[in-house]
Amino acid sequence: MNLKNKVAIVTGGAQGIGRAISLRLAQAGAKVVVNYNTSEAKANLLVAEIEAMGGEALAVKADVSKFDEAKQLVDAAVTTFNTVHILVNNAGITKDSLLLRMTEDQFDQVIDVNLKGAWNMIKHTSKILLKETDAKIVNIASVSGILGNAGQTNYSASKAGVIGLTKAVAREFAGRKVNCNCVAPGFVSSDMTDLLNDTQKETWLSQIPLGRFGQKEEVAELVLFLVSKESSYITGQTISIDGGLVM
Ligand code: NAP
């Protein structure tokens, strides 16, 4: 899969799954705009790593939950690389708590980053993507948005929202050959899953047919496929990558 001359924005692209995606798209030849919110040092290191392997990358700070900052991120991409062909909405947070204890702020923060952030980025890239040929949007959802997880009413709602957003955008943009799909990871080893305690990890492991957590690089390979021309006839789909947890 070759992304030569393609420009990609990866939100939350400096760390965790986002970092693996940024690196994989760069390895395939894309110019990558690595968005970060707090991980500035990691973003700069990643840009240096991509440049060292002969690629092009740009680190841009933006809180994607803020409409204006999301626009500034897209503007920075266009200023440096002229256009955008690929948008990967990866930025996400958790604020887990049982509903009885969850605060309004915990609910709002998760919706703002995970769902509104994805909408903000699609909104600001839309005119650019619609003018390009064969542009691609991939939104990172979660099995939590399909199954619903106790303790994650905010997160499950945000990720279910991302799946609905994906389908609506896929229908709106299909006429201009912009494909929009979702990737729904199960449990992938990362800072986010490190927050789970051992009992929670054991419980989930016992339900995963492949008997292990996923790797960030495995998610990145799926995203690469979905932003490549090889996936041209796939749109509006949510593809789980979860060791068989959801089937
Ligand atoms: P992570 O290591 O905690 O990384 C989260 C990423 O989101 C970071 O790059 C962070 O950027 C970025 N981010 C958070 N708030 C942001 C904001 N307001 N604006 C811009 N970027 C922001 O988590 P991860 O496991 O890699 O998760 C990546 C995505 O996969 C998320 O959407 C998550 O919901 C989804 N997912 C993960 C799993 C899993 O098992 N790990 C499972 C299902 C779905 P900074 O570090 O710069 O702040």
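Sequence positions, counted from 1, serve as the residue numbers for this chain. As the structure is a prediction and not an experimental result, all values here were calculated from the model. Every number for a ligand or one of its atoms is a count from 1 in the order of the listing.
- For atom 14 (C) of ligand 1, the candidate residues are L195, V188, I93; the nearest heavy-atom contact is made by I93.
- V64 N, 3.1 Å is the protein heavy atom nearest to atom 19 (N) of ligand 1.
- Near Y36, meaning under 4.0 Å from one of its heavy atoms, ligand 1 places the atoms 47 (O).
- Other residues, nucleotides and ligands contribute at most 12 non-hydrogen atoms within 6.0 Å of the NZ atom of K123.
- Here the side chains of M102 and N154 are in contact, with some heavy-atom distance below 4.5 Å.
- Within ligand 1, counting atoms from 1 as listed, the ones closer than 4.0 Å to a heavy atom of G92 are 5 (C), 7 (O), 14 (C), 31 (C), 32 (O).
- Neither the backbone nor the side chain of K216 has a heavy atom within less than 4.0 Å of ligand 1.
- Here V143 has no heavy atoms under 4.0 Å from ligand 1, in either its backbone or its side chain.
- Residue-to-ligand polar distances place D63 within reach of ligand 1: an N/O pair is separated by less than 3.5 Å.
- Numbered from 1 in the order shown, with element, the atoms of ligand 1 that lie under 4.0 Å from a heavy atom of Y155 read 33 (C), 34 (O), 35 (C), 36 (N), 43 (C), 44 (C).
- Here the closest non-hydrogen pair linking I140 and N90 is CG1-CA, 3.7 Å.
- For atom 2 (O) of ligand 1, the closest non-hydrogen atom of the protein is Q15 NE2, 2.5 Å.
- Per-residue contacts place S190 under 4.0 angstrom from the following atoms of ligand 1 (heavy atoms of the residue considered): 24 (P), 25 (O), 41 (N).
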For this session: Could you please spell out the steps behind the side chain to side chain donor-acceptor pair (under 3.5 Å) verdict for Q72 and D68?
Result: CA-CA 6 Å; Q72 286 158 16; D68 293 345; 6.0 Å; no

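- Remark: R24 does not engage E217 in a salt bridge, criterion side-chain N to carboxylate O under 4.0 Å.
- The option with the heavy atom closest to atom 29 (C) of ligand 1, from among V183, N90, I17, is N90.
- The main-chain N or O of K71 is never found under 3.5 Å from a side-chain atom of N120 such that the two would form a donor-acceptor pair.
- Residue-level proximity to ligand 1 for A184 is absent, since no heavy atom of it falls below 4.0 angstrom.
- Of the heavy atoms in S189, none comes closer than 4.0 Å to ligand 1.
- Remark: ligand 1 and S39 share an N or O pair separated by less than 3.5 Å (distance only, no angle test).
- D96 has its side chain out of reach of N149: every pair of non-hydrogen atoms, C-beta onward, lies at least 4.5 Å apart.
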For this session: Evaluate side chain to side chain donor-acceptor pair (under 3.5 Å) for Q15 paired with S39, printing each intermediate quantity in order.
Result: CA-CA 7 Å; Q15 104 110 33; S39 298; 4.6 Å; no

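- Neither the backbone nor the side chain of F213 has any atom closer than 4.0 Å to an atom of ligand 1 (non-hydrogen atoms only).
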